[in-house]
Amino acid sequence: MNRFHWSRVHHKGWALASLLFITIILIPNLLIAVEFFTEGNDNWLHIREYLLKDYLQNSAVIIIFTAIATMLIGTSLAWLITIYQFPMRNFLKWALILPLAIPPYIAAYTFHGILNYTGVVQTTLRNSFDIQVNQAYFDIMSMQGAIFIFTVTLFPYVYAITRSFFQNLSASVLENARLLGGNDVDTFFRVALPISRAAIVGSVTLVILEVLNDYGVTSYFGIQTVSTAIFRTWYGMMDLDSALKLAGTLMVLVMVVLMFERVVRGRKKFFDPSSKVRPIQPKKLTGAKAWGVFAYCFGVFTIAFIIPLLQLLSWAFMTYDKVFNAEFIILAKNSVFVASIASLMIILVALIISNYTRLQSGLLTKFIARVTTLGYSIPGAAIAIAVITIFISLDQYIVTFLAQFNLKPEFVLRTTLVMLIFAYVIRFLAIGFNNIEAGFEKVGNRYSETSRMLGASTLRTFFMVDLPLLRGAIASGFILVFVDILKELPLTLFLQPFNFSTLATQAFKYANDERVQEASIASLMIIFISALCIFIFHRVLDKEAN
């Protein structure tokens, strides 16, 4: 009876903790939703009448063409890597994920530096070949340029997710298609694409959400989108109410994207009736076909990763003596510190919520799981506006409360890292939760149920049984969250305390001041740490698979 009593207490503890975190996550979203339907001021009326249409149109154009381009490149690369054996395939299958290490805003100013009048391309054409070019052909600071930047930095989302799906296909699926007379092209379009529709649509949706979250590229290129409008309305007009309404507009756009994803995914599901799935064995290519596939894969990798990396290294050698100093070390420490603290908190909250949703079933747990993943679909600019509104109100309440006791606080919450880390938790909790939840699904309940039958409490079982089995999921979740926070720009720009900067914000400030060469050191540090984390993540996945 005593064990049963403590089991109920522990279950209630998991439930209360989960509900507390979910409530905290919901508050900013509810604030934006409520403010969106209130009457606007003159600034909002002006924006809605004359500017909002252009903001929405520009945002829509960018996400539509970026979605198409990343889908074509990512899916084709995933298919070629999965079914063919060609030169450097083993290297390229993980190297094609590396462009994710380059944040879009860093790629934006790097490619602009490469292609502008004083860049290496035009300088070489003028000095070595005496060719004078039309500047319009090399102007990347445009809508087409933004689509190109988003494509080369975000296609790995589609590539990685779709390749993972293709690898889990049974070889018999392709063999049956070939026995029916289909070649590799027919098999791809008639079999592989329909089966992988959910994976492709899901990965492209991630790309769209990343584009909607962007502030760095569109701001640097001078493109008017909803995200950049939020920043200008807040900082330029000092109008928080109108910024909240723009944040609500951005959330509506996100909801439209998610609803469209549901429709496109459809209800069709595919499964292999056999009990054992034979992995696909890559078919060895020879001659022109092998080198053609290699040229395509390596060409994409070169454009997306090697070229910007080489340009950044060149700039770094020119400016390291001016930039690499004690202040830079502080920037690196700030970035690693805030990313580590936020990642640890996210993994802790994800463990609590995912363990509760695993132990219980019903509408409440489904609701909790759904809300947990909501934050990642909300752009950083929208979260930042809601979070700072909440903390301003909270600070006013604290100051008023302490004034009753003749106390004056020396600091307020909105000038500390608490606000920034709180926003990180809301934004990136979905990544940690999805990894932990996948880890629980892989481990199953048999070990924890056995522990409970032997008399251990829920809490003891969690620490002694579940956590050791989840080491791989915890490590991969921490790595992914850490990398995303390290590269994150909008939230950090909006919410960083005074006299606190990170590598991301410093690189953007240098680039925004047309000091792109000085931005290279901070950019390279972000890329190096991100690439190392991606490599470790890849090794963790391989170890888990084996």
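- In this structure, Thr70 contributes its side chain and Leu154 its backbone to no donor-acceptor pair below 3.5 Å.
- Note: Phe482 and Phe478 have parallel aromatic rings, judged against thresholds of 30 and 60 degrees for the angle between ring planes.
- The ring-ring contact (aromatic ring centres under 6.0 Å, His included) test with Phe111 is passed by exactly one of Tyr220, Phe150, Phe138, Phe148: Phe148.
- Minimum interatomic distance between Ala519 and Ser523 (heavy atoms only, all atoms of both residues): O-OG, 2.7 Å.
- Sequence neighbours left out, the pairs with a member in residues 285-311 that pass side chain to side chain donor-acceptor pair (under 3.5 Å) are Ser76-Tyr296.
- Once rounded to the nearest 0.5 Å, the distance linking CD1 of Ile421 with CD1 of Ile426 reads 12.5 Å.
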For this session: Please report the C-alpha distance between Met143 and Ile62 in whole Å, then the side-chain angles of each, then the deciding distance to 0.1 Å, and finally whether the side-chain contact (heavy atoms from CB on, under 4.5 Å) criterion is met.
Result: CA-CA 7 Å; Met143 192 84 72; Ile62 292 175; 3.4 Å; yes
Problem set entry | Audit row: Ile102, Val152, side-chain contact (heavy atoms from CB on, under 4.5 Å) steps and yes/no | CA-CA 10 Å; Ile102 304 180; Val152 298; over 6 Å; no
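- Taking the six-membered ring where the residue is Trp, Phe301 and Phe298 present tilted rings, their angle falling between 30° and 60°.
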Exercise. Are Thr233 and Asn43 close enough, and set up right, to give a side-chain contact (heavy atoms from CB on, under 4.5 Å), and what steps lead you there?
Worked result: CA-CA 9 Å; Thr233 303; Asn43 286 336; 5.8 Å; no
Problem set entry | Stepwise ring pair (Phe, Tyr, Trp, His ring centres under 6.0 Å) check, Phe500 with Phe337 | CA-CA 12 Å; Phe500 181 91; Phe337 173 75; 7.9 Å; no
Exercise. Passes side-chain contact (heavy atoms from CB on, under 4.5 Å), Thr110 versus Val516? Steps please.
Worked result: CA-CA 7 Å; Thr110 304; Val516 293; over 6 Å; no
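- When only modelled atom types and interatomic distance are considered, Gln496 and Thr492 share no side-chain donor-acceptor pair under 3.5 Å.
- Minimum interatomic distance between Thr153 and Leu100 (heavy atoms only, all atoms of both residues): O-CD2, 3.6 Å.
- In this pair, Tyr215 and Phe508 present their aromatic rings tilted. The plane angle is within the 30 to 60° band.
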